[in-house]
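Written out below as structure tokens is the structure these notes cover.
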Amino acid sequence: MSIKIGTDIINYIGEIPRKAAHPVDWATLLPKWSTTVPWEEYICDKRIVSRWEIGENLASSENGIHIQDVQVQTIQAFTGGAIPKPEFINLQFYPASEHNIQQAEHRLNLTFPPSYRDFLKHSNGWLVQPCEIILPIHQVNLFPKHDPEQFEIIITHMDDPDYETLEDVFNIIPKRHYFDYDNHPPPLVPNSHLSTAIIIGESEDRVVWYALNPQVVFEDGEWEAWAVYSGDGEYVRYRSFGEMMLQQYKVFDN
């Protein structure tokens, strides 16, 4: 399957807000984020270790505790083991190399947006919420290929024949409102954008998905990003991957 980068947005570039995406200082944000989240917030299903195979990929925190150790302690807590728990959990993975990123881009026949590429060079994955992860780059894939069964479920339950393309959406929502990411943009995604969405994260139960939309690309190279809540049939749309992550961080910072 080939991906048409930015084909839908190009015709509307003069009609939408031209505000640039907010830059993200990952080197500052990610360590701060890790020391904002209490360990107890991340007690999750004990299958998380084998499900995501994260132990060997993750970096140690400043106090020398590896996420692998924390997850093992989680399992022991579930099984009654009396293990002292650290105050904070380290959410960060080891960085991806430029070679790793280019391999994924070659596999998908695309170039990732700047904020996502920059993030990967600081952390090749992230524990966003309890039981929710931004995947390591080698696990990123097109939605239909990443999980065909769940893709069919979402297509069946979230597909709306009235919104096949952006033009269909614009029949009921003005373009400027649809792309106004600062004021809760409408949670509508054209059906044609689902099959080319790139899944970059998910919840352990695969009810929540994080995705990049290569059909909405802005002049600065950023792609629209989504948090998809399939149980509610809801899309939360963001101007870029960086802005989506900033909003996720604010959940714990407030």
Side-chain angles (χ1 to χ4, degrees), residues 1-24 101 104-105 107-120 128 134-135 137 140-146 151 154-155 158-202 208-230 232-248:
M1 177 185 295
S2 62
I3 301 174
K4 298 179 180 179
I5 303 295
T7 52
D8 273 351
I9 196 66
I10 195 68
N11 295 325
Y12 314 114
I13 204 70
E15 304 178 56
I16 63 177
R18 301 169 70 89
K19 182 179 179 180
H22 299 294
V24 180
I101 296 170
E105 291 176 331
R107 170 169 55 87
L108 296 170
N109 191 30
L110 50 76
T111 299
F112 290 120
S115 64
Y116 181 57
R117 282 185 122 263
D118 192 28
F119 164 82
L120 291 169
V128 186
I134 297 297
L135 295 163
I137 190 64
V140 167
N141 210 338
L142 285 164
F143 201 172
K145 293 183 178 181
H146 180 76
F151 177 75
I154 287 180
I155 285 292
M158 300 178 74
D159 193 43
D160 191 323
D162 293 332
Y163 306 119
E164 184 62 31
T165 68
L166 273 181
E167 285 293 345
D168 295 329
V169 173
F170 296 155
N171 286 332
I172 61 166
I173 299 172
K175 299 179 183 67
R176 297 190 68 84
H177 179 41
Y178 186 78
F179 292 113
D180 186 0
Y181 297 97
D182 292 329
N183 293 289
H184 305 289
L188 289 177
V189 171
N191 303 332
S192 58
H193 289 197
L194 289 174
S195 60
T196 58
I198 307 296
I199 296 298
I200 59 168
E202 61 187 358
V208 179
W209 305 85
Y210 296 95
L212 297 174
N213 181 10
Q215 295 203 47
V216 176
V217 181
F218 297 95
E219 290 176 305
D220 57 3
E222 293 291 350
W223 301 7
E224 183 178 75
W226 307 336
V228 183
Y229 302 92
S230 58
D232 299 329
E234 180 183 4
Y235 298 88
V236 181
R237 300 169 42 241
Y238 301 90
R239 172 69 172 71
S240 67
F241 170 80
E243 293 189 9
M244 179 174 73
M245 291 292 280
L246 285 172
Q247 289 300 314
Q248 296 299 322

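- W226 places a side-chain heavy atom less than 4.5 Å from the side chain of L194.
- Looking at D118, its side chain never comes within 3.5 Å of a backbone N or O of S115 through a donor-acceptor pair.
- Contact annotation: the side chain of Y178 never approaches that of V216 to less than 4.5 Å [non-hydrogen atoms, C-beta and beyond].
- Among all heavy-atom pairs drawn from L212 and A225, the shortest one is CD2-CB, 4.0 Å.
- Using the six-membered ring where Trp is involved, W209 and F143 have ring planes that are tilted, between 30° and 60° apart.
- A donor-acceptor pair under 3.5 Å links the side-chain atoms of R107 to the main chain of V140, judged by distance alone.
- With Y238 as reference, Q248 is the one residue of Q248, E222, E224 to meet the side chain to side chain contact (heavy atoms under 4.5 Å, CB included) rule.
- Side-chain N/O atoms of H146 and E202 include a donor and acceptor closer than 3.5 Å.
- Note that OH of Y210 is 7.0 Å distant from CE of M244, once rounded to the nearest 0.5 Å.
- Among all heavy-atom pairs drawn from I137 and A104, the shortest one is CG1-CB, 3.4 Å.
- Between Y116 and F112, the angle of the ring planes goes over 60°, which puts this pair in the perpendicular group of the 30/60° scheme.
- Listed here is the closest heavy atom pair of A211 and I199: CB-CD1, 4.0 Å.
- Here R117 pairs with E98, E105 under the salt bridge (charged side-chain N to carboxylate O under 4.0 Å, His left out) rule; sequence neighbours left out.
- In plain terms, the two heavy atoms of P114 and G221 that are nearest each other are CD-O, 3.3 Å.
- Note that CH2 of W223 and CG of L110 are 4.5 Å apart. Values are rounded to the nearest 0.5 Å.
- L166 is not listed as a side-chain neighbour of Q215, based on a closest heavy-atom distance of 4.5 Å or more.
- Minimum interatomic distance between S192 and E164 (heavy atoms only, all atoms of both residues): OG-O, 2.8 Å.
- V128 places none of its side-chain heavy atoms less than 4.5 Å from the side chain of V208.
- Counting all heavy atoms, side chain and backbone alike, Y235 lies closest to P187 at O-CB, 2.9 Å.
- The closest side-chain heavy-atom distance from R237 to L188 is not below 4.5 Å.
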